[in-house]
Amino acid sequence: MHTTEHDWITTPITADILRGALDLERTAHGLLPHRLPAWARAQCADGQLAMAEAQPSGVRLVFRTGATAVELDTLPTKRVYAGAPPRPDGVYDLLIDGRLTAQSTVTGGNTLAIDLATGTAESHPGPAGTVRFADLPDGVKDVEIWLPHNETTELVALRTDAPLEPVPDRGRRVWLHHGSSISHGSDAASPTAIWPALTASLGGVELINLGLGGSALLDPFTARTMRDTPADLISIKIGINLVNADLMRLRAFGPAVHGFLDTIREGHPTTPLLVVSPILCPIHEDTPGPASFDFAALSAGRLRFLATGDPAERAAGKLTLGVIRDELSRIVKQRAADDPHLHYLDGRELYGEADAAELPLPDELHPDAATHRRIGERFATLAFAADGPFADHGV
């Protein structure tokens with residue numbers, strides 16, 4: 001599987017060189033990073049959540065080495081959608097001393113064939129592959145390999161042509177973020193180009209990304225996971241999945257938000273906690289869910305989403321993004337009277353009407369690569385500013 005011109009050293013992949021994962025599952029092939037712990041995964045049988053949390057968005061190998069060549073054997077699981085154009089292979093980003101230096105992909109792997117019309121999926125096994133980074137600069141350096149944010153990745157073996165060791169604690173604050181597929185990185189160009197990774201780089205913090213595609217649904221097990229995860233900064237971005245899944249009504253939404261925040265506060269009573277409402281999404285601003293695939297567009301090879309609810313149903317408590325923003329703003333204002341470390345950010349400050357005119361959402365739901373950069377830069381400016389909720393006051 002690998003070339004032989006180097007005297008390779010194989011290093012076991014352990015938690016001390018892996019960041020961004022909350023659990024490691026040993027498989028027949030190696031290790032599968034998870035972004036939710038096993039007990040949380042056991043509480044939900046939803047296939048969408050299972051797929052999302054096993055995709056290693058924000059997960060990276062981090063080590064210090066004098067190596068000039070690195071190889072990583074992985075077994076990816078790639079998604080194939082019936083009738084849609086093939087998806088590109090997941091990208092691996094190599095950072096040296098914090099700077100993006102190279103990118104690569106792994107061919108082969110398992111495939112998960114999904115039929116959007118029927119909701120069925122079939123798994124097909126495939127071979128492991130190798131991502132290789134050569135001609136690295138001489139000398140000791142900090143190396144990061146960010147795993148594909150949108151491709152389940154089993155870690156099989158790590159080889160270098162010089163010894164490696166864990167990177168000592170840099171003293172950076174840890175930012176724990178939870179959100180939807182937008183936070184997960186849907187349609188971003190690479191794992192360090194998803195907006196939370198861009199923000200983390202600009203803010204000088206260590207990211208733990210609980211952006212879970214289709215699964216930011218105020219699940220109690222997610223709140224308990226956040227409660228139990230050490231963090232210096234916390235944000236939750238809530239709204240779009242609740243609307244496009246048509247999961248609950250306004251009567252349930254408010255208490256669910258309170259419960260989610262209460263649970264986080266059990267473990268992080270004074271940690272800066274930022275509640276972020278949805279970015280602009282024109283199809284769901286005033287129209288409830290559920291969202292549906294546009295099968296006419298799909299038959300033409302384009303993925304596009306539609307809002308299928310009736311705006312008149314807002315009177316009966318159906319949720320729209322406008323309704324959710326109003327309620328989140330009200331809840332945070334109410335709670336902040338007794339919680340000075342709780343803050344609110346209107347998502348339209350990250351992506352609003354002017355942005356939608358310039359950079360429309362290609363599938364009506366998810367931002368493209370350029371929009372991820374814009375959102376990441378704006379979040380960093382708003383949250384990490386000297387007067388922002390995540391300002392570093394040297395504490």
Side-chain angles (χ1 to χ4, degrees), residues 1-3 5-21 30-33 35 55-76 78 88-109 128-168 170 172 184-185 188-202 204-209 369 372-373 376:
M1 191 179 298
H2 62 276
T3 55
E5 67 266 23
H6 293 270
D7 293 326
W8 293 108
I9 299 170
T10 299
T11 300
I13 299 172
T14 53
D16 58 353
I17 61 171
L18 195 64
R19 299 187 183 176
L31 289 176
L32 176 60
R35 293 185 296 129
Q55 293 174 347
S57 180
V59 179
R60 62 268 186 204
L61 292 161
V62 182
F63 50 88
R64 181 165 290 172
T65 184
T68 60
V70 178
E71 288 188 346
L72 178 65
D73 295 342
T74 69
L75 179 62
K78 304 171 187 289
D89 289 331
V91 176
Y92 295 72
D93 283 349
L94 177 77
L95 277 62
I96 295 180
D97 293 331
R99 303 182 70 174
L100 181 62
T101 303
Q103 296 178 309
S104 190
T105 59
V106 169
T107 58
T130 301
V131 58
R132 186 170 192 264
F133 297 106
D135 301 320
L136 306 187
D138 292 328
V140 175
K141 51 202 164 287
D142 291 347
V143 174
E144 301 176 33
I145 302 174
W146 287 63
L147 304 178
H149 60 284
N150 54 1
E151 203 170 78
T152 303
T153 305
E154 295 180 61
L155 304 173
V156 179
L158 173 64
R159 292 180 296 276
T160 52
D161 62 355
L164 64 83
E165 62 184 17
V167 173
R170 301 184 180 105
R172 293 179 177 175
H184 188 140
S190 77
T192 59
I194 68 173
W195 80 257
L198 288 164
T199 293
S201 177
L202 293 169
V205 296
E206 294 286 343
L207 173 66
I208 300 176
N209 187 22
H372 268 278
R373 174 160 294 280

Evaluate the criterion side-chain contact (heavy atoms from CB on, under 4.5 Å) for residue pair Glu154 and Leu32; output intermediate values, then yes/no.
CA-CA 5 Å; Glu154 295 180 61; Leu32 176 60; 3.9 Å; yes
Using the rule given for side-chain contact (heavy atoms from CB on, under 4.5 Å), can you reason through Thr192 versus Ser201, listing the C-alpha separation, both sets of side-chain angles and the distance that settles it, and then say yes or no?
CA-CA 9 Å; Thr192 59; Ser201 177; over 6 Å; no
For the CZ atom of Arg60 and the CG atom of Asn209, what is their distance to the nearest 0.5 Å?
9.5 Å
Looking only at atom types and distance, does a side-chain atom of Glu151 sit under 3.5 Å from a main-chain N or O of Gly90, one as donor and one as acceptor?
yes
Closest heavy-atom contact between Pro56 and Thr153?
CG-OG1, 3.9 Å
Side-chain H-bond candidate by donor/acceptor type, Asp89 with Thr107, under 3.5 Å
no
Nearest non-hydrogen partners of Val106 and Gly129, listed with the distance:
CG1-CA, 3.6 Å
Got a second to check how far Thr74's OG1 is from Tyr92's OH, nearest 0.5 Å?
3.0 Å
Measure from the side-chain N and O atoms of Asp161 to the backbone N and O of Thr68, and report whether any donor-acceptor pair falls under 3.5 Å.
yes
Smallest separation among heavy atoms of Ala193 and His372, with atom names:
O-CB, 3.6 Å
On a heavy-atom basis, which atom in Arg159 and which in Ala157 lie closest, and how many Å separate them?
NH1-CB, 3.9 Å
Take atom CZ in Arg373; do more than 12 heavy atoms of anything else shown fall under 6.0 Å from it?
no
Within the distance-only criterion (no hydrogens, no angle test), does the side chain of Arg35 pair as donor or acceptor with the backbone N or O of Gly20 below 3.5 angstrom?
no
Heavy-atom closest pair (Ala102 atom, Phe133 atom, distance to 0.1 Å) is CB-CD2, 3.8 Å
Does any part of the side chain of Val205, heavy atoms only, come nearer than 4.5 Å to the side chain of Arg172, both counted from C-beta?
no
Begin with the C-alpha distance, continue with both residues' side-chain angles, and end with the deciding distance and a verdict on side-chain contact (heavy atoms from CB on, under 4.5 Å) for Leu18 and Leu155.
CA-CA 11 Å; Leu18 195 64; Leu155 304 173; 4.1 Å; yes
Set out, in order, the CA-CA distance, both residues' side-chain angles and the distance that settles side-chain contact (heavy atoms from CB on, under 4.5 Å) for Val70 and Phe63, then state yes or no.
CA-CA 11 Å; Val70 178; Phe63 50 88; 4.2 Å; yes
Separation between CG of Asp142 and CZ of Arg170, rounded to the nearest 0.5 Å:
5.0 Å
Using atom types as modelled and distance alone, determine if a side-chain donor or acceptor of Thr65 lies under 3.5 Å from a backbone N or O of Pro163.
yes
Please check this pair: side chain of Lys141 against backbone of Ala67, looking for a donor-acceptor N/O pair closer than 3.5 Å.
yes
When rounded to the nearest 0.5 angstrom, what distance separates CG in Leu198 from CG in Leu207?
10.5 Å
Does Thr199 use its side chain to pair, donor to acceptor, with the backbone of Gly376 at less than 3.5 Å?
yes
CH2 on Trp195 to NE2 on His184, rounded to 0.5 Å
13.5 Å
Under a 3.5 Å distance rule, please check whether Thr101 uses its side chain to pair with a backbone N or O of Arg99 as donor and acceptor.
yes
Does Leu94 reach the side chain of Ser104, with side-chain heavy atoms less than 4.5 Å apart?
no
Is any side-chain heavy atom of Ser57 less than 4.5 Å from a side-chain heavy atom of Asn150?
no
Of all heavy-atom pairs between Pro33 and Val59, which one has the smallest distance, and what is that distance?
CB-CG1, 4.2 Å
Value rounded to 0.5 Å, distance of CD in Glu144 from CG in Leu100:
10.5 Å
Given side chains that start at C-beta, do those of Leu147 and Leu72 come closer than 4.5 Å, heavy atoms only?
yes
